[in-house]
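Inspection log for the structure reproduced underneath, given as structure tokens.
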Amino acid sequence: MDWRARGSRGFPILSLALGLGLLFAACGGAGSPSATTTADGGTATPDASDRTWAGSEPAPEFPTGLTWFNVAEPPTLASLRGKTVLLDFWTAGCINCQHIIPDLKRLEEEYADSLVVIGVHSGKYATEHEDDTVREAIGRYDLQHPVVNDPDFVVWNTYGARAWPTLVLIDPAGNYVGTHSGEGVYPLFQPIIEALEGEFEGRINSAPFPIVLDQTAASTLLSYPAAVLADEQGDRLYIADSGHNRILEARLNGALLRVFGTGAAGFADGRADEAQFFDPQGLELSADRSQLYVADTRNHALRAIDLKTGAVTTLAGTGKRAQALPRPGDKPKETALASPWGLLLRDGVLYIANAGTHQLWSYDVGADELAVYAGTSREGIDDGERLTMATLAQPSGLATDGRYLYWVDPESSSVRRTPFDGEIVDTMVGTGLFDYGDEDGTGLEAQIQHPQGIAYLDGLLYIADTYNNKIRSVDPTSFEVKTVAGTGENRWADGGPDEASFAEPAGIAVYGDRLLIADTANHVLRTFDPASGETGTLALSNIGVLTGTGAGRVLRVELPGQSVAPGATNLRLKLSTPGGYHLNSLAPSTLTLAAVNPAVVSLGETSISWSTDDESVEIPIPVILETGTTTVTATGAAYFCADGEEALCLIQQLEIVVPVEVGPDATGGELVVEYRLEPDA
């Protein structure tokens, strides 16, 4: 949840007399600093265990007036006393910030009793300053620690941050320890945190820090879909259901056919129902349409799905983020990639937007060889010879007209290209790493904001202008940029060019004479007809295919506690839909009931299912109640649809929690578990 303090955001920027040593590194870059600058001007290295790590200068207090997430109230340094605190200065679109999330999670798991990670979101882009954008990013990256939105860079300036990501360590006494900018977080900070535990033995506060997770979860069938691919000849759609860590296969009309992946984040080959992905993004078909290539982004790997058998294999990547570039003779399966994003196949070569090294790589399918195709690995927007001069900035979607390879660079808000028969990279739209906006125009006069998708149709390029919540066209001859759909509002609305709205659209693909768009933060697929300018929503059907597969994040709902008298009675389960919706009989809904203390609540049934198209369902379950206290939970999935033909169908993964007190003085006769499903929960 988020917590907004009442008051001013103003806070004096402290001078660097505090002794905060700094390292500078831009968001991006293939390398990362190898040391942490400490308060006394020294550098920390992982094997430096013969010194004290306790700080001597108090860390600055958090300013008031900022929005906090995942906490009931804003933490203070006083409330954190006894905990080691690691501040993570990040911005949602930065690939390097995303790379360190596994390191942060590992530290949180290993030091669950003594470490508190606090995310400080100091957004690079205007859209990233908005609370809703931060909230979406927290859900997308499954961050389960406190996060504060720092849109005016008050906390950033107070702590002297200079790059994304920057990490600041504070000891259990509330004193500043040191700063590190860049990746390589775990090996640098783990030994220091371990040493601090020893130094502060007896003064560590091991009580769990109170976390109140934002109670929102995507209730649509998709969760943060990142890419979509249409196979018109085979009557197939392929969807990177990224938040659910799986790939979906459907007919062109949206009827689901198969699921590839268990839904659990992981890195495993095997059958469709046992393979695992982690936040897959780009998709591409083999030339004979027998293989689906997948950019398995968080696994830093290139995967392939055999569309005849459903088996998943790894073509390239080790599951680890690349720390070196591929060399001739390196085996692809032993060569690490870095957040591969978009994919495009041409003449037997699969081009890969290797976002984490700010390069395009190539994979020769027949020869089984990886190579760098464009980009020096330095982040930038320099044109020139593609291997020795051109710099890229987190390349994402790829497209072609047969002559040029086009791509979007989100971190420079640009559209770039290079001819297949040439060596030069040039920029069509975009001027700098910190230049962005929302302006139609020609060439470098136009401005876009962190675009992630691109497609070519009938002589025009179409851009998913992600942070502007728009679809733009780019003429590859004149470089003229036009808005073709989207009001710019972050919401979901169909209609004409001035009516349709999107929420961080990312993937975009050709779909006959139309375009299909992965409307990521709306968790749906959209259609766009360039001829009419109309935007619609593609409804997915046959959703029973998803039954039994992983369904992503769970919405946790805690109902008010109930007091009931002991004896034999019922637990009455009531679920309803809002106006304009009904339950879906085509995908049986199920809930599993459990009591933490079964001696207090003995359930006559523990597995409940229903199949109805009514607006609500009410099911009595016999129970025997004995004096005491417990908690009853109901977990599972509920399916429901909007009214009308071809309407959108939704799913909500639920964990409903009800505290229960049974006593002879209570007046209640039945336990009641009542919840209304919400399409925007």
Side-chain angles (χ1 to χ4, degrees), residues 1 72 144 207-208 210-217 219 544 547-548 550-579 581-641 650-681:
M1 63 183 297
Q144 299 190 19
I211 297 294
V212 183
L213 296 178
D214 194 337
Q215 290 187 359
T216 61
S219 60
T547 302
R553 300 180 182 93
V554 175
L555 175 64
R556 190 176 191 273
V557 179
E558 185 163 339
L559 300 180
Q562 297 183 36
S563 296
V564 288
T569 183
N570 286 320
L571 183 155
R572 194 166 295 276
L573 177 67
K574 299 180 181 179
L575 271 86
S576 61
T577 58
Y581 289 83
H582 61 272
L583 297 169
N584 183 6
S585 64
L586 297 179
S589 301
T590 60
L591 286 177
T592 299
L593 302 175
V596 173
N597 187 350
V600 176
V601 176
S602 177
L603 296 160
E605 298 283 346
T606 57
S607 182
I608 309 300
S609 63
W610 62 90
S611 181
T612 178
D613 291 318
D614 292 342
E615 295 178 355
S616 62
V617 65
E618 182 172 327
I619 304 173
I621 298 101
V623 295
I624 298 176
L625 306 178
E626 300 289 349
T627 300
T629 60
T630 189
T631 298
V632 174
T633 62
T635 58
Y639 295 84
F640 61 114
C641 297
L650 313 171
I651 180 175
Q652 217 165 65
Q653 290 288 115
L654 293 169
E655 180 186 7
I656 302 174
V657 179
V658 186
V660 177
E661 182 176 358
V662 181
D665 297 331
T667 58
E670 286 188 330
L671 282 174
V672 178
V673 177
E674 185 171 7
Y675 179 69
R676 188 178 79 164
L677 301 164
E678 293 291 349
D680 57 352

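Computed from a prediction, not measured in an experiment: that's the story for all the values here. Side-chain atoms are counted along with the backbone in the values below, which use heavy atoms only and exclude waters and symmetry mates.
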Check: Just how far is it from atom CG of Leu575 to atom CZ of Phe640, taken to the nearest 0.5 Å?
Finding: 10.0 Å
Check: side chain to side chain contact (heavy atoms under 4.5 Å, CB included) with Pro566: which residues, sequence neighbours excluded?
Finding: Thr627, Val662
Check: Looking at CG of Leu671 and CD1 of Ile621, how far apart are the two atoms once the value is rounded to the nearest 0.5 Å?
Finding: 10.0 Å
Next item on the list: Sequence neighbours left out, what passes side chain to side chain contact (heavy atoms under 4.5 Å, CB included) with Ser616? Give chain and number order.
Entry: Ser576
Next item on the list: May I have all residue pairs that pass salt bridge (charged side-chain N to carboxylate O under 4.0 Å, His left out) and include part of residues 606-631, sequence neighbours excluded?
Entry: Arg572-Glu618
Check: Does the Glu678 side chain pair with the main chain of Pro578, one donor and one acceptor, at a distance under 3.5 Å?
Finding: no
Compile the donor-acceptor pairs under 3.5 Å between side chains in residues 586-605 and protein atoms, sequence neighbours left out, one pair per line.
{"unit_1": "Ser589", "atom_1": "OG", "unit_2": "Tyr639", "atom_2": "N", "d": "2.9"}
{"unit_1": "Asn597", "atom_1": "OD1", "unit_2": "Ala599", "atom_2": "N", "d": "3.1"}

Notebook entry, point to check: Backbone N or O of Ser585 within a donor-acceptor pair of the Ser611 side chain at under 3.5 Å?
Noted result: yes
Notebook entry, point to check: Roughly how far, to the nearest 0.5 Å, is OG1 of Thr569 from CD of Glu670?
Noted result: 4.5 Å
Next item on the list: Can you measure from CD1 (Ile651) to CG (Asn584) and round to the nearest 0.5 angstrom?
Entry: 10.0 Å
Check: Would a 4.5 Å heavy-atom cut-off, applied to side chains only, mark Ile619 and Trp610 as touching?
Finding: yes
Checklist line | Spacing of Leu625 atom CG and Thr630 atom OG1 [to the nearest 0.5 Å] | finding: 10.5 Å
Notebook entry, point to check: How far apart are the closest heavy atoms of Gln144 and Ile211, and which atoms are they?
Noted result: O-CG2, 3.9 Å
Next item on the list: Any pair with a residue in residues 651-669 that passes salt bridge (charged side-chain N to carboxylate O under 4.0 Å, His left out), sequence neighbours left out, goes on the list, sorted by first then second residue, please.
Entry: Arg556-Glu655
